[in-house]
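Before any comments, here is the structure.
Just so we're clear, the structure is a prediction, and the values are computed from it rather than from any experiment.
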Amino acid sequence: PGAELLDGEVFFKTGAAQARYRRDGQEYRLTMVQDMTRNLLAVCLSEKAGPVEVRPIPAWEFVGDYLETVSFEPPVPVEGAKVCGWVQSLPADPNLAVVAQQQANAVWIGTARADDPGAVRTAAIDLVRAAAAEGFEQLRTKTGHWWAGYWADVPRVSIPNERLDFLYHHGMYKFGAFTNPDGVPATLQGPWIEEYRMPPWSSDYHFNINVQMCYWPAYQSGKLDNLRPIFDLVWSWRDQLSENARLFVGIDDGFMLPHAVDDRCTCMGSFWTGTIDHACTAWIGIMMHEYAAYSGDTDFLRDRAFPFMKGAMRVYEQMLDWDGASCSLPVSVSPEYRGAAMDAWGRNASFQLACAHRLLECLQEAADVLGAEHSSSWEKVQAGLPRVCTVSEKGREVIALWEETALEESHRHHSHLGGICPFDVLDPHAEPWRELVSSSVDQWVLKGMGAWSGWCMPWASMIHSRLNNGRMAELLLEMWQAIFTNAGYASLHDASAFGLSIMGGAAFGKTVDKAAAPMQMDGAMGAVRAIQEMLMHRRRGVNYLFPGVPDKWRNASFADMACWGTVKASADFVDGMVRNVRLTARQKTVFRLGNPWKGAAATLQSKGGPIRTLSGEVLELMLAPGEELILTPASAERG
């Protein structure tokens, strides 16, 4: 009582946090440490703070009325020597126990899960008592070691924009907590669910982009183990996914994943278009293939990714309508466009076409790596299915949502542009796509940001990076931080101020309800990936350096960023020019690099090997396992 919170601080490198508060004219600090290997939080107060009362406040006090309507019973208090807390029974899951113990100037809070209410109570009490006996400093040291190990191989990034630098490091810190390989697969809110209200969208698994965004930083950061929990979860659903495919298209060898499910793959809500958004399934297969390509894990490719992708493709094949050598998707959707209205579908949705083609490319690459047979249908579908659907709009051909439907309004899903990013089946700089992409992006910009959500801003930044439009790639991320984060830098779905988007906003005296703005993690994780892609991204099999760097940036660098084919890349951008590139690989691979000197000559040197001169728009580099290649410009002048 009487305490005034002043500020808080999180230390990314050690995982500790501090809060500063004032009471009775005195200033105090408390330190918090979250154990990264156990469900345990420790709070240590300064010794001069005096005695502290620990009072359990379960979520029931805030949302109990709602919980009762869905078969929850009130929590049972836990009371004992030095401990307090509660056991919450759950209608369809093991019991949850939350227990706190105060010892000296520290409070230990632990949670446990078990079917038996007595056992769960005992497990939580034993956890906090054992931790208290070990002591706060031991936990802080242990947690510091965990975070030191995490940061040791996070790619080092140096950029001349303090906002984006913060977004990168803050995002990678949250990614570590959010996707702990030993933890629960990341949901929309992850571990940061508020106790005073039910979580937005039930904190479920949204597979029409949100889950994918949550895991986007894993690839280029090299944190590939962080992907395994979500893959394991989806793989555990394969019987249900197979049954979904049987019910929808009548086959026994397919997989079909709805766009929103719980942790048992039960479809959430009644959004019917999401149940036939088959890109949700295919995109997870694509992610699995990318994991295998980045990690070199051929066992995973053979046992998980390849069969999952084949199952996803079988459903696409059954959905096709053939007319001679040509085929189409007669019933298809673009994520959430027109919501769940009866006209929220059409023939050849561009998002589905792009995803299907990317899946086909991944299947062929995987088959080549594994020495497996190609299905006779893959090349037939590739040849017969268009990569994109177009429509005439004011005299120009633009990418359509689906047949005869151009982008009619601002929309949070940039799905019709999915062939550019994330599926990378259209090279915006090459024929025959260049003019079509130009007119489509013009139309997209004209429709504006008025109905954009927070998470779609980083996605838009990535699209601009692929257009080599660094100024906009940077600006969108700055706008996202300013409008779609709260005072604690949490990522928001709705805008926190009126004027950019109607998502959560209002005008004429009404105010944005910042406290009610839904927090979800996809935007923050998307921002990390967008920054990674500004510095380097892979487009149609070629890796490009600093493609999304604004003109005003004169210096930037990154070190040990992970790439396709087990390669790690480092590069320096000095005085507006790429000066040095260093490549290493764990496995034999061919690395295709867009010549950072615009086709001019480059020198290539391998340790102990001769110096060679290369030129051309794309440099093909063969790396042996453990080999290091260094490239520098043959001339100090720009190419």
Side-chain angles (χ1 to χ4, degrees), residues 188 200-202 204-213 244-245 247-249 256-261 266-284 312 315-316 318-321 327-357 385-393 398-419 422-423 440 443-444 446-456 459-460 493-494 501-504 518 520 522:
L188 287 174
W201 300 284
S202 303
D204 66 9
Y205 294 96
H206 261 55
F207 286 100
N208 63 358
I209 191 171
N210 311 90
V211 167
Q212 289 86 342
M213 288 189 76
N244 294 344
L247 291 170
F248 188 64
V249 292
M256 196 167 188
L257 173 64
H259 96 287
V261 298
T266 302
C267 192
M268 302 291 285
S270 56
F271 202 81
W272 72 267
T273 53
T275 66
I276 65 168
D277 180 358
H278 190 51
C280 298
T281 321
W283 199 346
I284 291 297
V315 174
Y316 265 139
Q318 293 300 113
M319 293 170 70
L320 293 173
D321 184 12
C327 60
S328 62
L329 286 167
V331 178
S332 59
V333 297
S334 193
E336 301 181 22
Y337 195 77
R338 293 185 183 168
M342 293 310 296
D343 63 348
W345 63 279
R347 180 181 292 270
N348 280 347
S350 290
F351 186 71
Q352 303 294 333
L353 297 175
C355 187
H357 274 282
L385 186 69
R387 286 185 175 241
V388 68
C389 182
T390 65
V391 65
S392 180
E393 181 82 353
V398 297
I399 299 174
L401 272 296
W402 51 71
E403 252 183 34
E404 301 180 359
T405 303
L407 182 67
E408 303 153 310
E409 60 189 16
S410 176
H411 193 256
R412 61 191 174 275
H413 278 265
H414 316 308
S415 304
H416 65 302
L417 301 179
F423 298 128
S440 302
Q443 183 210 33
W444 177 56
L446 182 63
K447 297 301 180 183
M449 307 178 194
W452 285 14
S453 58
W455 54 261
C456 79
W459 182 8
H493 179 277
D494 295 348
S501 171
I502 61 172
M503 284 286 180
Q520 56 190 63
D522 40 22

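Contact detail for H357 and P386: the closest heavy-atom pair is NE2-O, 3.3 Å. Taking all atoms of both residues into account, the shortest heavy-atom contact from P200 to L188 is O-CD1, 4.5 Å. For the residue pair Y316 and C355, the shortest heavy atom distance occurs at OH-CB, 4.0 Å. Pairing each heavy atom of P330 with each of W345, the nearest pair is O-CZ3, 3.7 Å. Among all heavy-atom pairs drawn from G418 and A354, the shortest one is C-CB, 4.1 Å.
No donor-acceptor pair closer than 3.5 Å links the side chain of S350 to the backbone N or O of I399. The backbone N or O of M256 lies less than 3.5 Å from a partner atom in the side chain of N244, making a donor-acceptor pair. Although no hydrogens or angles enter the test, the distance criterion places a donor-acceptor pair under 3.5 Å between the side chain of H411 and the main chain of E336. With S410 contributing its side chain and G448 its backbone, the two residues share a donor-acceptor pair below 3.5 Å. The main-chain N or O of D494 is never found under 3.5 Å from a side-chain atom of S453 such that the two would form a donor-acceptor pair. A donor-acceptor contact shorter than 3.5 Å links the side chain of N348 to the backbone of L329.
The residue from F351, W444, F423 that alone fulfils the ring pair (Phe, Tyr, Trp, His ring centres under 6.0 Å) condition with H414 is W444. Checked options Y205, W272, W283, F271; the residue passing with H259 is F271 (criterion: ring pair (Phe, Tyr, Trp, His ring centres under 6.0 Å)).
Here the OG-CD1 distance, from S415 to I209, works out to 6.5 Å after rounding to the nearest 0.5 Å. Atom CG of residue L407 and atom OH of residue Y337 lie 5.0 Å apart, to the nearest 0.5 angstrom. Here the OG1-CD distance, from T390 to E404, works out to 11.0 Å after rounding to the nearest 0.5 Å.
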Exercise. Assess whether side chain to side chain contact (heavy atoms under 4.5 Å, CB included) is satisfied between L385 and L320, documenting all intermediate values.
Key: CA-CA 9 Å; L385 186 69; L320 293 173; 3.9 Å; yes

Practice problem: Check the pair M503 / W452 against side chain to side chain contact (heavy atoms under 4.5 Å, CB included), numbers first and verdict last. | Solution: CA-CA 7 Å; M503 284 286 180; W452 285 14; over 6 Å; no

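In this structure the side chain of T405 never reaches within 4.5 angstrom of the side chain of V391, judged on heavy atoms. In this structure, V333 and I276 have side chains that are in contact, with non-hydrogen atoms separated by less than 4.5 Å. Side-chain contact between R338 and L401 is absent, with no heavy atoms from C-beta onward closer than 4.5 Å. You'll find the side chain of D204 stays beyond 4.5 Å of the side chain of V261, heavy atoms only. Residues Q212 and I284 have side chains in contact (heavy-atom distance under 4.5 Å, counting atoms from C-beta outward). In this structure, the side chains of V249 and M319 come closer than 4.5 Å at one or more pairs of heavy atoms. Between E403 and C389, the closest side-chain pair of non-hydrogen atoms falls below 4.5 Å. The closest side-chain heavy-atom distance from C267 to T275 is below 4.5 Å.
Between H413 and W459, the ring planes lie perpendicular to each other; the angle is over 60°, past the 30° to 60° tilted range. Using a 30° and 60° split on the angle between ring planes, W201 and H206 fall in the perpendicular class, above 60°.
A side-chain donor-acceptor contact under 3.5 Å links D277 and Q352.
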